[in-house]
There are 2 protein chains.
Amino acid sequence: MANDRQYLAKLQDYYARHRVLPSYASIAALVGLSSKASVAEMVMRLKAHGFVESSPDRRLKPGKRFFERPVAESVRAGLPAPASDAAPEAVTIDEHLVPHPSRSVLVTVKGDSMIDAGIHAGDVVVVEKRVAANVGDIVVAIIDNEFTLKRLDREKGHIVLRPENKAYPIIRPKDDTEIFGIVVGLFRKYR
Amino acid sequence: MANDRQYLAKLQDYYARHRVLPSYASIAALVGLSSKASVAEMVMRLKAHGFVESSPDRRLKPGKRFFERPVAESVRAGLPAPASDAAPEAVTIDEHLVPHPSRSVLVTVKGDSMIDAGIHAGDVVVVEKRVAANVGDIVVAIIDNEFTLKRLDREKGHIVLRPENKAYPIIRPKDDTEIFGIVVGLFRKYR
DNA sequence: TACGATACCGAACGATCGTTCGGGAGTCAA
DNA sequence: TTGACTCCCGAACGATCGTTCGGTATCGTA
């Protein structure tokens, strides 16, 4: 049971590389067991805890808790809590950030017009396509055939697009402006 | 080849539900073929285009292009290009952001000491645990039993932790400071 | 010391895997 | 009509799958 933690970690790494879980024989080689039977028992333990499941084809597949990453609170000093049983919180980042995959598009940010909102050039925003947006939403608008990232605001009864950077002017759209979608998430990779 | 597109869509749906690709027999039932041989040929076509691959255990696994999300360039107006053949760039966000799952921890950001680096309170950073860090890295340090997010810098030959917010002082660590890990990614959810 | 529980091994089982091969049905151009 | 090509079927193959079973080593508890 103590070792299971390490076994799981190896499986997670393998899955991260291959996007599939290996066969029992491969698992044995991977984690350092030398019998498929041992693997079967270990897998059963992981199943019992919800880390893995079986697919309809008796294939191993990640379970609910497989993707749970230790979410460290900014208080504790030692290692992050060993995920005793606390709420998983984070499933996959994908699911967390993209609730409606079929309606979503990834857009790489260019320029710094939203830098005061913490959106930098090179960041990637998750845009959910829709025509309606609320005041306060960060929207992707199409102006002169170009995507533009701005915050939607209202001014004297009219819709305006407000950049979050004092160096840029507020855009007061004429008719040729169209809302492409609203920003529902953002991510950034360092290095 | 025309049907392959639909077949792929079904596989993607299946994968979204189960996080595994089915066996050839199951694929046959799933997409409406009645011979594993037909499936094998279809799979070969998808393989050739990079949508699926084979794992070391001859298991089907998603290929590079399997997760293609439309990445819109900031030029085109209409719908994002229908994945003609351009490099998709972004795979899954998870994989993109967390290269080493077992060594990574998610930390929710509190406070605004890094706001000039575009890291706001409430953002979640992906922290890769390691003791060594380079100057310029954003690191998570443990100071007085608390996690702190700062940029690692060098000053007169000494390591210092520099906040990205003029309102905060530079921290010149004594001995009781420990690097917990470095920040490799960040994501944020709106709404 | 004795005991049950736990974690692993090693061999064997039938079931299912993906591959292979010959052939049928359809389309399109010559 | 003919031939080439694509897409699929159906049956058979050995390989590999996950499961099962008895057996061993190491614990903590009594």
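Convention: sequence-line order gives letters A, B, ...; per-chain numbering from 1. Both backbone and side-chain heavy atoms feed into the values below; hydrogens, waters and symmetry mates do not.
- A salt bridge is absent between B:Arg103 and A:Asp13: the closest approach of a Lys/Arg side-chain nitrogen to an acidic carboxylate oxygen does not fall below 4.0 angstrom.
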Only pairs under 3.5 Å count here: list side-chain donor-acceptor contacts from residues 179-190 of chain A, not counting sequence neighbours, and write none if there are none.
| unit_1 | atom_1 | unit_2 | atom_2 | d |
| --- | --- | --- | --- | --- |
| A:Arg188 | NE | A:Asp123 | OD1 | 2.8 |
| A:Arg188 | NE | A:Asp123 | OD2 | 3.2 |
| A:Arg188 | NH1 | A:Tyr190 | OH | 3.0 |
| A:Arg188 | NH1 | B:Ala117 | O | 3.2 |
| A:Arg188 | NH1 | B:Gly118 | O | 3.3 |
| A:Arg188 | NH2 | A:Gly118 | O | 3.0 |
| A:Arg188 | NH2 | A:Asp123 | OD2 | 2.9 |
| A:Arg188 | NH2 | B:Gly118 | O | 3.3 |
| A:Lys189 | NZ | B:His96 | O | 2.6 |

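- The interatomic distance linking A:Tyr24 (OH) with C:dC13 (C1') rounds to 16 Å, in whole Å.
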Could you walk me through whether A:Lys47 and A:Glu53 pass the salt bridge (charged side-chain N to carboxylate O under 4.0 Å, His left out) check? CA-CA 6 Å; A:Lys47 272 187 190 171; A:Glu53 297 173 13; over 6 Å; no

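- Not a single ring pair (Phe, Tyr, Trp, His ring centres under 6.0 Å) links A:Tyr24 to another residue, sequence neighbours left out.
- Side-chain N/O atoms of B:Ser38 include one lying less than 4.0 angstrom from OP1 or OP2 on D:dC9.
- Here A:Arg172 pairs with A:Glu155 under the side-chain hydrogen bond (donor to acceptor under 3.5 Å, both in side chains) rule; sequence neighbours left out.
- Whole-Å rounding puts the A:Glu41 CD to D:dG22 P distance at 14 Å.
- Here D:dG18 presents its P atom at 10 Å from CG of A:Leu21, a figure rounded to the nearest Å.
- Qualifying side chain to side chain contact (heavy atoms under 4.5 Å, CB included) partners for B:Arg58, counting only residues two or more places apart in sequence or in other chains: none.
- The phosphate of C:dT6 has neither OP1 nor OP2 within less than 4.0 Å of any side-chain N or O from A:Asn3.
- Note on A:Arg45: a side-chain N or O is less than 4.0 Å away from OP1 or OP2 of C:dC8.
- One interatomic measurement links the two molecules: CZ of B:Arg5 to C1' of D:dC7, which rounds to 18 Å at whole-angstrom precision.
- Scanning residues 28-37 of chain B for heavy-atom distances under 4.0 Å to DNA chain D yields B:Leu33, B:Ser34, B:Ser35, B:Ala37.
- Comparing B:Arg58 and B:Met42 by the nucleotide of DNA chain D whose heavy atom lies nearest to each, the residue mapping closer to the 5' end is B:Met42.
- Whole-Å rounding puts the B:Asp4 CG to D:dC8 C1' distance at 12 Å.
- Counting non-hydrogen atoms under 4.0 angstrom, A:Ser23 reaches the backbone sugars and phosphates but no base.
- Toward the 5' end of DNA chain D, the nearer of the two residues A:Ser26 and A:Ala40, judged by each one's closest nucleotide, is A:Ser26.
- Rounded to an integer number of Å, the gap from CE of B:Met44 to P of D:dT6 is 12 Å.
- Taking atom CZ on B:Arg59 and atom P on D:dA15, their separation rounds to 19 Å, with Å as the unit.
- What separates CD1 of A:Ile27 from P of C:dC9 is a distance of 14 Å, to the nearest Å.
- Every residue two or more places apart in sequence or in another chain that forms a side chain to side chain contact (heavy atoms under 4.5 Å, CB included) with A:Ser26 is listed here: A:Pro22, A:Ser23, B:Asp57.
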